[in-house]
2 protein chains.
Amino acid sequence: MSTASARAYELIRSLILEGRFAPGERLKEEELTDLCGVSRTPVREGLRRLAIEGLVVVTPHQGAQVAAIGEGELAEIYALRAMIEGHAAGRAAMLISGDDIAKLKALASEMEAAVAAANSDLSGGAAELNARFTPANSEFHRIILDAAMSPRLAAMAALVVEIPLILRTLARYSDAELMRSLQHHRELIAAFEAHDEDWARSVMRSHVLAASHAVVRPGVGRVQPD
Amino acid sequence: MSTASARAYELIRSLILEGRFAPGERLKEEELTDLCGVSRTPVREGLRRLAIEGLVVVTPHQGAQVAAIGEGELAEIYALRAMIEGHAAGRAAMLISGDDIAKLKALASEMEAAVAAANSDLSGGAAELNARFTPANSEFHRIILDAAMSPRLAAMAALVVEIPLILRTLARYSDAELMRSLQHHRELIAAFEAHDEDWARSVMRSHVLAASHAVVRPGVGRVQPD
DNA sequence: AGCACCAAGATCGCATACAATCACCGAGCC
DNA sequence: GGCTCGGTGATTGTATGCGATCTTGGTGCT
């Protein structure tokens with residue numbers, strides 16, 4: 001059995017990412033105590049860890065609330081993400097194993113199949129996309145990050161990759177953007193097979209920046225439309 | 001009065017950076033309790049925070065030990081630092097105020113004076129350098145990071161800027177390298193005054209990569225000379 | 001009516017007590 | 001003699017209690 005701290009951390013984190021707490025909502029320690037089934041101490045530790053990762057903000061004597069992010073902040077986060085993941089892809093191009101490349105290929109196929117299925121089955125396409133595409137996509141990026149073999153780089157990535165997930169961004173992709181994303185994946189794999197550091201970094205940067213423009217888009221995603 | 005957690009965090013952190021604990025040394029919570037004058041709870045919180053920042057590593061049921069870093073790891077850390085601080089300098093070039101530029105100029109002068117004093121006063125030059133140069137240098141970099149106005153970027157920087165400090169790298173700079181470092185500072189200020197994003201980023205990258213080669217050098221800094 | 005202030009309730013920060021786990025060490029067995 | 005297996009001490013993980021601080025609702029004053 002893992003420690004209670006880790007379980008509290010993971011539970012709270014998943015609840016936030018699932019959108020069970022509204023951005024800006026206050027998280028009371030005792031409330032989380034009930035949800036997690038552990039005492040306040042591990043809950044506090046998990047909360048502090050999430051604070052450092054940027055998912056919640058804690059102010060002394062005032063507790064924690066889930067992070068609320070604005071449009072400008074989101075653009076800046078994507079810029080950082082392009083930098084970090086680009087760097088990771090460059091390192092990965094030098095270090096990645098054939099095994100991992102095979103896994104990436106399988107995941108790319110899975111994502112393509114998910115898109116195809118969503119397109120043929122017109123009803124509920126978006127939901128199926130989220131169910132099949134998103135996990136494969138996360139795994140795809142995680143493998144690359146791990147292949148870079150740099151725990152510090154992974155820690156940096158943790159600061160920026162999860163924030164956009166709070167907004168559940170996939171639904172906003174247009175068909176053309178989705179196709180482009182799939183092509184990026186294939187091109188990344190090609191760059192890895194060629195062990196071309198610059199190519200891999202460049203494609204990954206494009207991939208993330210394209211995603212950025214799919215998400216932070218004028219007039220879309222406003223909480224308060226005016 | 002600040003919180004006990006924050007004080008514990010800062011105290012332990014400064015002790016590590018001062019070299020009062022050997023790399024790899026185990027940090028027992030009760031021991032730190034005595035040093036900090038607070039209870040184990042805030043000590044633990046500080047320790048976890050330091051773990052996320054990479055200064056210590058904690059393994060479950062085994063406690064914390066100060067991070068030990070190898071040669072290859074150090075090179076990788078400097079590469080990350082060049083990326084992060086380069087990005088920060090680019091953003092800062094767009095956002096920095098005249099006030100901050102004035103402060104940077106004063107700090108650059110202070111560092112130049114420190115080097116001049118160390119060169120004329122032959123005895124104890126290195127010690128004086130560490131006493132005058134290092135704080136000014138840290139402040140110089142901190143101002144740029146703050147000017148970038150990106151808390152996440154600052155958090156990333158925290159992951160990599162402090163690690164090299166554990167090794168107290170300044171003493172290894174040659175005279176030529178020191179002079180180059182001073183010139184980099186002046187050039188950075190010029191780039192900021194021109195609000196030239198690319199120039200600032202490029203100079204900062206050079207600055208960090210140059211430092212990298214002054215530190216991770218074949219045959220220097222081995223713990224176990226063979 | 002609006003604002004400042006005060007008190008009660010709630011929540012957080014810290015200290016301490018208890019439980020769980022691990023490392024070390026010595027004895028017994030193969 | 002070397003290896004395995006408990007036992008014991010130390011250390012970390014978790015729970016809870018108490019004091020400090022903040023929020024909120026109401027009251028009195030301007």
Side-chain angles (χ1 to χ4, degrees), chain A residues 1-16 20-68 151 155 158 223, chain B residues 1-17 20-69 151 155 158 166:
Chain A
M1 168 194 131
S2 162
T3 65
S5 274
R7 276 179 295 139
Y9 162 76
E10 287 169 13
L11 178 60
I12 299 171
R13 176 172 164 278
S14 66
L15 287 177
I16 292 176
R20 300 275 285 277
F21 298 115
E25 180 176 347
R26 186 167 172 190
L27 299 174
K28 296 170 199 167
E29 292 178 357
E30 282 192 55
E31 180 183 325
L32 298 172
T33 289
D34 298 339
L35 285 175
C36 300
V38 297
S39 175
R40 276 180 54 212
T41 308
V43 167
R44 283 173 60 84
E45 284 193 8
L47 239 30
R48 298 308 157 100
R49 190 168 158 193
L50 289 167
I52 294 178
E53 291 182 4
L55 282 178
V56 306
V57 300
V58 300
T59 42
H61 293 103
Q62 210 168 325
Q65 50 185 33
V66 345
V223 181
Chain B
M1 168 195 128
S2 162
T3 66
S5 270
R7 276 180 295 143
Y9 162 75
E10 287 169 14
L11 178 60
I12 300 171
R13 176 172 165 277
S14 66
L15 287 178
I16 292 176
L17 290 178
R20 300 274 286 276
F21 298 115
E25 180 175 346
R26 185 167 172 191
L27 299 173
K28 296 172 199 167
E29 293 178 356
E30 281 192 58
E31 182 182 325
L32 298 172
T33 289
D34 297 340
L35 286 174
C36 299
V38 298
S39 176
R40 273 181 57 210
T41 308
V43 166
R44 282 174 61 83
E45 283 193 9
L47 239 31
R48 298 308 157 100
R49 190 169 158 191
L50 289 167
I52 294 179
E53 290 181 4
L55 281 179
V56 306
V57 300
V58 301
T59 41
H61 293 103
Q62 209 167 326
Q65 49 186 34
V66 343
I69 60 199
I166 297 182

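Chain identifiers are assigned alphabetically (A, B, ...) following the order of the sequence lines, protein sequences preceding nucleic acid strands; residue numbering begins at 1 within each chain.
- Remark: C1' of D/dG13 and CZ of A/R49 are 15 Å apart, rounded to the nearest angstrom.
- The NZ-P distance, from A/K28 to C/dG13, rounds to 15 Å in whole Å.
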Show each protein N/O and nucleotides 18-23 of chain D N/O combination with a separation under 3.5 Å, one pair to a line.
residue, atom, partner, partner atom, Å
D/dT23, OP1, A/Q62, NE2, 3.4

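- Residue-level contact check: B/L47 touches neither bases nor backbone, having no heavy atom under 4.0 Å from any strand.
- Using a 4.5 Å heavy-atom threshold, the side chains of A/R44 and A/R48 count as touching.
- The B/R48 side chain lies nearest to D/dG13 when the options are C/dC14, D/dG13, C/dG13.
- Note: CD (A/E30) to C1' (D/dT14) measures 16 Å, nearest angstrom.
- Between B/E29 atom CD and C/dC14 atom P the separation is 15 Å, expressed in whole Å.
- Pairs passing the side chain to side chain donor-acceptor pair (under 3.5 Å) check and including a residue from residues 33-42 of chain B, sequence neighbours excluded, read B/E29-B/R40.
- For the pair A/E31 CD and C/dA10 C1', the interatomic distance rounds to 13 Å; values are reported in whole Å.
- Remark: C1' of C/dC12 and CD of B/E45 are 11 Å apart, rounded to the nearest angstrom.
- The shortest distance between side-chain heavy atoms of A/L32 and A/V38 does not fall below 4.5 Å.
- Considering only the side chain of A/S39, D/dA15 comes nearest among D/dT14, D/dA15, C/dC14.
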Practice problem: Could you give me the CA-CA distance, side-chain angles and deciding distance for B/I12 and B/L35, then say whether side-chain contact (heavy atoms from CB on, under 4.5 Å) is met? | Solution: CA-CA 9 Å; B/I12 300 171; B/L35 286 174; over 6 Å; no
Exercise. Go through B/L27 and B/Q65 one step at a time and tell me if the side-chain contact (heavy atoms from CB on, under 4.5 Å) criterion holds.
Key: CA-CA 5 Å; B/L27 299 173; B/Q65 49 186 34; 5.8 Å; no
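- Side-chain nitrogen and oxygen atoms of B/S5 include none within less than 4.0 Å of the OP1 or OP2 phosphate oxygen of C/dG13.
- Across all non-hydrogen atoms, the minimal contact from B/A8 to B/P42 is CB-O, 4.0 Å.
- Of the side-chain N and O atoms in B/R44, one or more sit less than 4.0 angstrom from OP1 or OP2 of D/dG13.
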Practice problem: Show your reasoning for whether side-chain contact (heavy atoms from CB on, under 4.5 Å) applies to A/E53 and A/Y9. | Solution: CA-CA 11 Å; A/E53 291 182 4; A/Y9 162 76; 2.9 Å; yes
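- Both B/A64 and B/T41 sit near DNA chain D, but only B/A64 has its closest nucleotide nearer the 5' end.
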